[in-house]
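These notes are about the structure you will find just below.
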Amino acid sequence: GPLDILRQVHGADLRVAPARVRHLFIDGRWCEPIMQARARIQAEHLAAVRQDFLAVGAALLDLDCLADGWVIRAEAPMRDLLGYGARLRRLAGGEACYWIWLDRYVPLEPPPLGRAA
């Protein structure tokens, strides 16, 4: 897989750590990344996936009905979506497609304590 390729290229210099959110200091304030997410699922999984997006704190933006399923578009802080692809595939019986991308940074309230990433 991709990690094996990176190990072949970088050898002992490669350091792999658990995923974490990186906050930015913008205009004197700590800001966190807000991500857009899109999931394509079968109709029988719509209710469970919709409810799960809401449970992790995502705001649902669109629901599109397709001939062969549904597309849900949502947004949430990156901290709420780390690892969500695997969770989504379990909910959808392994039949989900999932995309996530950075949309913007917003001020983080309250600011992070200790070691901000």
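The structure displayed is predicted, hence computed values, not measured ones.
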At their closest point, which heavy atom of [X] faces which heavy atom of [Y], and how far apart are they?
X     : Y      : result
Pro33 : Leu102 : CB-CD1, 3.6 Å
His45 : Gly93  : CE1-N, 4.1 Å
Leu88 : Ala39  : CD2-CB, 3.6 Å

Original post:
With sequence neighbours excluded, what pairs up with Tyr84 under the ring pair (Phe, Tyr, Trp, His ring centres under 6.0 Å) test?
Top reply: Phe53, Tyr98
For [X], side chain to side chain contact (heavy atoms under 4.5 Å, CB included) partners two or more places apart:
X     : result
Ile26 : Leu24, Cys31, Tyr105
Asp27 : none
Ala47 : none
Leu82 : Ala19, Val21, Met78

So, using salt bridge (charged side-chain N to carboxylate O under 4.0 Å, His left out) as the criterion, who are the partners of [X] when residues are at least two apart?
X      : result
Arg40  : Asp68
Arg38  : none
Asp13  : none
Arg104 : Glu75

Subject >> Non-neighbouring partners of Arg87 that pass side-chain hydrogen bond (donor to acceptor under 3.5 Å, both in side chains), sequence neighbours left out >> reply: Asp52
Original post:
Does some side-chain heavy atom of Leu46 sit less than 4.5 Å from a side-chain heavy atom of Ile72?
Top reply: yes
Original post:
Do Asp64 and Trp70 come close enough that some side-chain heavy atom pair is under 4.5 Å?
Top reply: no
Original post:
With ILVMFWY side chains joined below 4.5 Å, transitively, what does Leu14's cluster contain besides itself?
Top reply: Leu3, Leu6, Val16
Original post:
Hydrophobic clusters join Ile, Leu, Val, Met, Phe, Trp and Tyr when side-chain heavy atoms are under 4.5 Å apart, directly or via other members; which others share one with Val106?
Top reply: Ile34
Original post:
Is it true that Val56 and Leu63 fall in one hydrophobic cluster, defined by side-chain heavy atoms closer than 4.5 Å?
Top reply: yes
Subject >> Same apolar cluster (I L V M F W Y, side chains within < 4.5 Å links), Ile100/Ile41 >> reply: yes
Original post:
To the nearest 0.5 Å, how far apart are CG in Leu60 and CZ in Arg50?
Top reply: 5.5 Å
Original post:
Roughly how far apart are Leu81 CG and Met35 CE, rounded to 0.5 Å?
Top reply: 7.5 Å
Original post:
Just by modelled atom types, is the Ala76 backbone N or O under 3.5 Å from a matching donor or acceptor in the Arg79 side chain?
Top reply: no
